[in-house]
Amino acid sequence: MRLSVCAVFSLLTATANAAFAQTCPTARDYWPTAGWKHASPSAEGMDSAMVDSAMNAFGANNDTYAAMVVRHGYVVAERHYNGGDSTTRYQLRSATKTIVSILVGLEIDQKLLHGVNQSVSSLLPEAFRADSIDPRKKKITLWHLLTMTSGLAWTEGRGADVLNYKPNWTLAILNQPMVSDPGARYNYSFGNAHVLSTIVQRVSHRTTVGFANQFLFQPIGFTLPLLEWSTDPQGVNVGGAGLNLYADEMARVGYLFLNEGCWDGKQVVSKKWVDESTKRSVSA
């Protein structure tokens, strides 16, 4: 299957958790909870010819399936490529990892997790009981998974070598040997993100998609059908890929972060988590 990329471009100037209810810092003409409003590029101060040229350029890349340009909260351009349209949910592939990271932040906001320095062994103790376990594994924290510095062996693109025919992907990932100390080296890893999805599910006592629907997606105006996020053999929503969204839904996630986690008067994601998520944390 070809890589599906949902390219969302937010070109703007700039819950159920009552603890974060507050007025959003930026006044908006409207919030796209019920759907995006549209305007011409020129109406929002943009060069229509340049926007059109950019959209044509996106279409020249066969791995681009959708592009939206949002300015001041209005969609000024939208195109779909490779046979897709506005009713097509696109595979986010690795952008799924971003959504899982947001869910971890929400669980920290809600005190379901103690913070990014909480050890993975305290959350998934069954993976750390072997007498022969490398002691460095017990030092892996949420922070290390989020920043892809766990030290666990992983070759991106060859996950099947680790996961195929394994009944429990999370244990298979955590059973990989340590190739560096936690925090010492960056290594892009589907595996790290999948362990995070397992943790999201474990501490919330619901599926990752169920938690996402209640605390992230529904507050910004949509509910994701359960089958639009694939699962592992244990029923855990895949953390490193497997999520499918409409282009306009992905744009809402970007707009939420543009507004520092606020949406229509409610702090859906804490500003602190937005800030932490969008700053440089490690060097590749």
Asks: How far apart are the C-alpha atoms of L216 and W263, what are their side-chain angles, what is the distance that settles it, and do they pass the side-chain contact (heavy atoms from CB on, under 4.5 Å) test?
Replies: CA-CA 10 Å; L216 177 60; W263 192 275; over 6 Å; no
Asks: Report the hydrophobic cluster partners of V282, with the cluster defined as I, L, V, M, F, W, Y residues connected by side-chain heavy atoms closer than 4.5 angstrom, directly or transitively.
Replies: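 Members besides V282, by chain and number: M148, Y186, Y188.
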Asks: Taking all atoms of both residues into account, what is the closest heavy-atom pair of G261 and V274, and its distance?
Replies: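 Closest approach of G261 to V274, heavy atoms only: N-CG2, 3.7 Å.
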Asks: Let me see the working for F128 and S119 under side-chain contact (heavy atoms from CB on, under 4.5 Å), right down to the final yes or no.
Replies: CA-CA 11 Å; F128 296 84; S119 68; over 6 Å; no
Asks: Are V203 and I99 linked, directly or through intermediate hydrophobic residues, by side-chain heavy-atom contacts shorter than 4.5 Å (ILVMFWY only)?
Replies: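 Per the 4.5 Å side-chain linkage, I99 and V203 are co-clustered.
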Asks: Do N259 side-chain atoms and C262 backbone N/O form a donor-acceptor pair below 3.5 Å?
Replies: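 Here the side-chain-to-backbone pair does not exist.
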Asks: Applying the ring pair (Phe, Tyr, Trp, His ring centres under 6.0 Å) test to Y74, which of W36, Y30, Y255 qualifies?
Replies: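 The option that passes is Y30.
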Asks: For the residue pair L123 and L142, establish whether any side-chain heavy-atom pair is separated by less than 4.5 Å.
Replies: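 Contact flag for L123/L142 side chains = yes.
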Asks: Between V75 and K37, is any pair of side-chain heavy atoms under 4.5 Å apart?
Replies: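 Answer no - side chains too far apart.
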Asks: How close do Y81 and A66 get, heavy atom to heavy atom, and via which atoms?
Replies: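 Closest approach of Y81 to A66, heavy atoms only: CD1-N, 4.0 Å.
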Asks: Say you draw a straight line from NE2 of H80 to OG1 of T64; how long is it, rounded to the nearest 0.5 Å?
Replies: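 Result: 12.5 Å between the selected atoms.
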Asks: Atom CD in Q201, atom CG in L103: separation rounded to 0.5 Å?
Replies: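 Reported value, rounded in 0.5 Å steps: 11.5 Å.
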Asks: Please determine whether residues V179 and L163 belong to a single hydrophobic cluster, defined as Ile, Leu, Val, Met, Phe, Trp and Tyr linked transitively by side-chain heavy-atom distances below 4.5 Å.
Replies: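 In one cluster: no.
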Asks: Could you check whether any side-chain N or O of K166 sits under 3.5 Å from a backbone N or O of I173, counting only pairs where one atom can act as donor and the other as acceptor?
Replies: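 No, K166 side chain to I173 backbone: no donor-acceptor pair under 3.5 Å.
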Asks: Please check this pair: side chain of K137 against backbone of L174, looking for a donor-acceptor N/O pair closer than 3.5 Å.
Replies: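 Yes; judged by distance alone, with no hydrogens or angles, the pair exists.
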Asks: Quick check: does any side chain N or O of Q176 sit under 3.5 Å from a backbone N or O of A172, one acting as donor and the other as acceptor?
Replies: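 Flag set: sc Q176 to bb A172 pair under 3.5 Å.
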Asks: Do any N or O atoms from the side chain of Q267 and from the backbone of E260 form a donor-acceptor pair under 3.5 angstrom?
Replies: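 Flag set: sc Q267 to bb E260 pair under 3.5 Å.
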Asks: Quick check against the 3.5 Å criterion: does D109 have a side-chain atom that pairs as donor or acceptor with the backbone of V269?
Replies: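 Such a contact is absent between D109 side chain and V269 backbone.
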Asks: Mind running side chain to side chain donor-acceptor pair (under 3.5 Å) on T223 and Q218 for me, showing each step along the way?
Replies: CA-CA 5 Å; T223 299; Q218 288 172 0; 3.3 Å; yes
Asks: Within this structure, what is the OG-CG distance for the pair S53 and D47, rounded to the nearest 0.5 Å?
Replies: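 So the OG of S53 and the CG of D47 are separated by 9.5 Å.
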Asks: Do R71 and P41 have side chains that get closer than 4.5 Å, going by heavy atoms?
Replies: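 Counting from C-beta outward, R71 and P41 never come under 4.5 Å.
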Asks: Using the rule given for side-chain contact (heavy atoms from CB on, under 4.5 Å), can you reason through I199 versus V120, listing the C-alpha separation, both sets of side-chain angles and the distance that settles it, and then say yes or no?
Replies: CA-CA 8 Å; I199 290 169; V120 176; 4.3 Å; yes
Asks: Stepwise, does the side-chain contact (heavy atoms from CB on, under 4.5 Å) test hold for T155 with D161?
Replies: CA-CA 9 Å; T155 301; D161 296 345; over 6 Å; no
Asks: Minimum heavy-atom separation for E44 to A39, with atom names?
Replies: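 Nearest heavy atoms, E44 then A39: OE2-CB, 3.8 Å.
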Asks: Return yes if some donor-acceptor pair links the side-chain N/O of S189 with the main-chain N/O of W154 below 3.5 Å, else return no.
Replies: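 Looks like no, no N/O pair under 3.5 Å.
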Asks: With a 4.5 Å cut-off on side-chain heavy-atom distances among I, L, V, M, F, W and Y, is there a chain of contacts connecting V195 to L171?
Replies: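 Different hydrophobic clusters.
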Asks: Decide whether L113 and V236 are clustered together by the hydrophobic rule: side chain heavy atoms of Ile, Leu, Val, Met, Phe, Trp, Tyr closer than 4.5 Å, transitively.
Replies: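 Each belongs to a different hydrophobic cluster.
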Asks: Using the ring of each side chain (for Trp, its six-membered ring), is Y65 parallel, tilted or perpendicular to Y90, with breaks at 30° and 60°?
Replies: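 Plane angle over 60°, so perpendicular.
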Asks: Could you tell me which non-hydrogen atom of P219 sits nearest to which non-hydrogen atom of V268, and how far apart they are?
Replies: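 Nearest heavy atoms, P219 then V268: CB-CG2, 3.9 Å.
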Asks: Determine whether H194 and D232 make a side-chain contact, defined as any pair of heavy atoms from C-beta on separated by less than 4.5 Å.
Replies: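 They are in side-chain contact.
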Asks: Are the side chain of T96 and the backbone of L92 linked by a donor-acceptor contact shorter than 3.5 Å?
Replies: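 No: the side chain of T96 does not pair with the backbone of L92.
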Asks: Does the side chain of F257 come within less than 4.5 Å of S277's, by heavy atoms?
Replies: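 Of all side-chain heavy-atom pairs linking F257 with S277, at least one is under 4.5 Å.
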Asks: What pair of heavy atoms forms the shortest contact from A127 to I133, and how long is it?
Replies: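 Taking every non-hydrogen atom into account, O-CD1, 3.8 Å.
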Asks: Please say whether more than 12 non-hydrogen atoms of neighbouring residues, nucleotides or ligands are located less than 6.0 Å from NZ in K139.
Replies: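 Counting neighbours around NZ of K139, 12 or fewer heavy atoms of other residues, nucleotides or ligands fall under 6.0 Å, so no.
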Asks: Do H144 and T141 pass the side chain to side chain donor-acceptor pair (under 3.5 Å) test, and can you show the C-alpha distance, the side-chain angles, and the key distance before you say yes or no?
Replies: CA-CA 5 Å; H144 297 133; T141 65; 3.1 Å; yes
Asks: Is the NZ or CZ atom of R89 positioned over Y246's six-membered ring, under 6.0 angstrom from the centre and within 45° of the axis?
Replies: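 Yes, R89 sits over the ring of Y246.
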Asks: Measuring from atom CE of M250 to atom CG of D248, what distance do you get when rounded to the nearest 0.5 angstrom?
Replies: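 M250 atom CE to D248 atom CG measures 12.0 Å (nearest 0.5 Å).
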Asks: Can you tell me how far CG of L196 sits from CG of L145, rounded to the nearest 0.5 angstrom?
Replies: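 It is 4.5 Å, given to the nearest 0.5 Å.
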Asks: Can you tell me if D134 uses its side chain to pair, donor with acceptor, with the backbone of M178 under 3.5 Å?
Replies: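 It does not hold such a pair.
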Asks: Give the minimum heavy-atom separation between S281 and W143, together with the two atoms involved.
Replies: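 Minimum heavy-atom contact is OG-CH2, 3.6 Å.
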Asks: Distance check, rounded to the nearest 0.5 Å: L227 atom CG versus N244 atom CG?
Replies: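 Between L227 CG and N244 CG, I get 10.0 Å after rounding to 0.5 Å.
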Asks: Going by the angle between their ring planes, with limits at 30° and 60°, are F215 and F211 parallel, tilted or perpendicular?
Replies: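 Plane angle between 30° and 60°, so tilted.
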Asks: Is the F217 to F222 ring centre distance short of 6.0 Å?
Replies: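 Yes, the ring of F217 comes within the 6.0 Å limit of the ring of F222, centre to centre.
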Asks: Would the distance check show the side chain of K97 and the main-chain N or O of A193 forming a donor-acceptor pair, the cut-off being under 3.5 Å?
Replies: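 A pair under 3.5 Å: no.
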Asks: Would one find more than 12 heavy atoms of other residues, nucleotides or ligands at under 6.0 Å from atom NE2 of H114?
Replies: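 Count not over threshold, so no.
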Asks: My understanding is that only one of N187, N192, D181 makes a side chain to side chain donor-acceptor pair (under 3.5 Å) with S150; could you say which?
Replies: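 Exactly one option meets the side chain to side chain donor-acceptor pair (under 3.5 Å) with S150, and it is N192.
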Asks: Quick check: do M68 and R79 have side-chain heavy atoms less than 4.5 Å from each other?
Replies: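 M68 vs R79: side chains apart.
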Asks: With a 4.0 Å cut-off, would you call E126 and R202 a salt bridge?
Replies: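 Answer for the salt bridge query: yes.
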Asks: Does one hydrophobic cluster hold both L124 and I140, with members joined at side-chain heavy-atom distances below 4.5 Å?
Replies: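 Yes; tracing contacts between hydrophobic side chains, which count when under 4.5 Å, links both residues.
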Asks: Does the salt bridge (Lys or Arg N to Asp or Glu O under 4.0 Å) test come out yes or no for D275 and K279, once each step is laid out?
Replies: CA-CA 6 Å; D275 291 342; K279 74 179 184 181; over 6 Å; no
Asks: E107 versus V200: any side-chain heavy-atom pair under 4.5 Å?
Replies: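 They are in contact (side-chain heavy atoms under 4.5 Å apart), so the answer is yes.
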